[in-house]
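Step one of this worksheet: look at the structure below.
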Amino acid sequence: MKIATAQTKPVKGNIEANIAAHKKLISLAAEEGAGIIVFPELSLTGYEPELAKELATTKDNSRFNGLQQLSNTHNITICAGMPIKAVNGVMIGLLIFSPGVERRVYCKQHLHADELPYFICGHGQEFLQADGYTIGLAICYEISVQEHAASLFAHGAGIYAASVAKSTRGMEQAVITLAGIARTYSVPVLLSNCVGHCDNFDCGGKTSAWGSSGSLLRQLDDNSEGIIVFDTATQAAIQKTI
């Protein structure tokens with residue numbers, strides 16, 4: 001199985017433009033034989049907390065039907081970030097489109113203090129399955145929460161995939177943290193980040209893949225859009241930009 005992580009440059013609040021950009025990267029990942037692709041945090045709107053309440057929706061919104069069709073056509077699971085409506089507020093969600101089945105959503109369980117005025121915590125974990133591997137998902141701040149990672153691996157995760165929206169400075173620490181997770185749990189680790197301006201900062205890119213020893217396999221730059229594709233059979237990775 002091949003797993004792709006995407007690096008996008010979101011258009012602030014423009015869901016349709018961001019869907020179109022996602023489709024290009026999904027097609028590129030499918031050409032490389034990927035069965036899963038993970039996008040950055042809130043990739044379909046950009047990381048824009050002040051717009052989240054206005055833009056939030058549900059997993060079954062028909063505007064996402066095109067992504068579902070791509071999932072079905074290319075036999076690829078797509079994980080794309082979106083603010084999700086809840087009874088008591090808005091959650092930071094990762095929509096999961098899998099071929100021929102009902103959509104799922106993983107919602108961020110651990111929020112940074114800066115997010116609390118805009119979002120509420122999600123509950124429960126979602127996992128992906130690929131080639132006999134269980135893939136644990138983490139959204140941004142959760143990579144710094146040790147008990148979150150510990151819970152994923154206690155539940156059998158053999159690959160760790162992080163969807164983030166990190167600044168250049170934030171990425172300096174994130175790459176150290178994620179390489180440490182790879183070494184500590186002896187698992188491959190995948191990171192998806194965005195580029196361009198989000199909220200009140202510039203995103204740092206550096207979408208990456210680490211091997212189970214913590215060695216860096218591939219890393220994109222801080223301004224391109226593209227993908228990294230990790231092969232579970234060979235434990236190697238390639239990168240493509242657009």
Side-chain angles (χ1 to χ4, degrees), residues 4-32 34 36-74 76-85 90-98 103-108 115 118-119 139-140 161-168 170-171 191-207 220-229 239-242:
T5 54
Q7 184 161 292
T8 63
K9 187 176 183 180
V11 180
K12 181 177 179 177
N14 191 330
I15 296 172
E16 298 308 321
N18 293 325
I19 287 175
H22 279 51
K23 288 180 177 179
K24 292 179 182 179
L25 292 171
I26 293 164
S27 295
L28 181 60
E31 289 173 5
E32 296 298 328
I36 294 173
I37 184 168
V38 179
F39 284 89
E41 183 179 25
L42 296 178
S43 58
L44 291 170
T45 61
Y47 184 82
E48 303 291 344
E50 293 185 357
L51 298 181
K53 184 176 181 180
E54 171 190 344
L55 297 172
T57 186
T58 65
K59 65 182 176 65
D60 296 316
N61 191 305
S62 62
R63 73 195 313 170
F64 305 131
N65 287 354
L67 294 177
Q68 184 64 62
Q69 290 169 3
L70 273 182
S71 172
N72 298 344
T73 299
H74 294 297
I76 186 170
T77 292
I78 302 162
C79 301
M82 187 71 197
I84 298 295
K85 288 182 178 179
V90 176
M91 299 181 291
I92 295 176
L94 198 58
L95 292 168
I96 302 171
F97 304 85
S98 293
R103 294 171 199 168
R104 296 182 287 154
V105 59
Y106 170 59
C107 291
K108 189 174 182 178
E115 295 172 328
Y118 306 100
F119 301 105
I139 301 178
C140 210
S163 166
V164 312
K166 291 279 190 186
S167 67
T168 300
M171 279 302 299
L191 166 71
S192 173
N193 192 24
C194 45
V195 296
H197 192 76
C198 290
D199 191 25
N200 59 359
F201 62 91
D202 291 322
C203 292
K206 304 290 187 184
T207 290
L220 297 180
D221 61 22
D222 61 359
N223 57 58
S224 300
E225 294 182 88
I227 59 172
I228 290 176
V229 182
Q239 61 192 67
K240 299 282 184 176
T241 56
I242 59 173

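Under the salt bridge (Lys or Arg N to Asp or Glu O under 4.0 Å) criterion, the residue pairs touching residues 55-65 are E16-R63, K59-E102, with sequence neighbours excluded. Pairs passing the salt bridge (Lys or Arg N to Asp or Glu O under 4.0 Å) check and including a residue from residues 45-55, sequence neighbours excluded, do not occur.
For S71, the side-chain contact (heavy atoms from CB on, under 4.5 Å) test picks out Q68, I78, F97, P99, with sequence neighbours left out. A search for side-chain contact (heavy atoms from CB on, under 4.5 Å) contacts involving E115 returns E41, Y47, I92, K108, L111, H112, F119, not counting sequence neighbours. Shown here are the side-chain contact (heavy atoms from CB on, under 4.5 Å) partners of V164, two or more places apart in sequence or in another chain: C140, A162, K166, L191, N193. Under the rule for a salt bridge (Lys or Arg N to Asp or Glu O under 4.0 Å), the partners of R104 that lie at least two apart in sequence or sit in another chain are E126.
A donor-acceptor contact closer than 3.5 angstrom links the side chains of S98 and T77.
Taking 4.5 Å as the limit, some side-chain heavy atom of L51 sits within range of a side-chain heavy atom of K12. Side-chain contact between K23 and L70 is present, with at least one heavy-atom pair separated by less than 4.5 Å. Counting only heavy atoms from C-beta outward, the side chains of M82 and T57 approach each other to under 4.5 Å. At a threshold of 4.5 Å between non-hydrogen side-chain atoms, the residues F64 and S62 do not count as touching. A heavy-atom distance below 4.5 Å is not found between the side chains of V195 and D221. Annotation: side chain of T168 is not in contact with side chain of D222 (no heavy-atom distance under 4.5 Å). Side-chain contact between I227 and T207 is absent, with no heavy atoms from C-beta onward closer than 4.5 Å.
Formation of a donor-acceptor pair under 3.5 Å by the H197 side chain with backbone atoms of D199 is found in this model. Listed for the Q239 side chain is no donor-acceptor partner under 3.5 Å among the backbone atoms of L220. Using modelled atom types, one side-chain atom of S43 and one backbone atom of G81 make a donor-acceptor pair closer than 3.5 Å.
Listed here is the closest heavy atom pair of T5 and S192: CB-CB, 4.1 Å. Nearest heavy-atom pair, A80 versus H22, reported as atom, atom and distance to 0.1 Å: CB-CD2, 3.9 Å. Nearest approach of A30 to I76, heavy atoms of both residues: N-CD1, 4.5 Å. Residues G93 and C107 share a closest heavy-atom pair of CA-SG, 4.1 Å.
Distance check, rounded to the nearest 0.5 Å: CD1 of I228 to CD of Q7 gives 7.5 Å. Summarising the geometry, atom CG belonging to N61 is positioned 8.0 Å from atom CZ belonging to R103; distances are rounded to the nearest 0.5 Å. Between the SG atom of C194 and the CG atom of L42 there is a distance of 9.0 Å, given to the nearest 0.5 Å. K24 NZ to I19 CD1: the interatomic distance, rounded to the nearest 0.5 Å, is 14.0 Å. Going from atom OG1 of T241 over to atom CG of L25 covers 10.0 Å, rounded to the nearest 0.5 Å. Going from atom OG1 of T8 over to atom CZ of F39 covers 7.5 Å, rounded to the nearest 0.5 Å.
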(request) May I have the step-by-step check of side-chain contact (heavy atoms from CB on, under 4.5 Å) for L67 and L95, ending in yes or no? (result) CA-CA 10 Å; L67 294 177; L95 292 168; over 6 Å; no
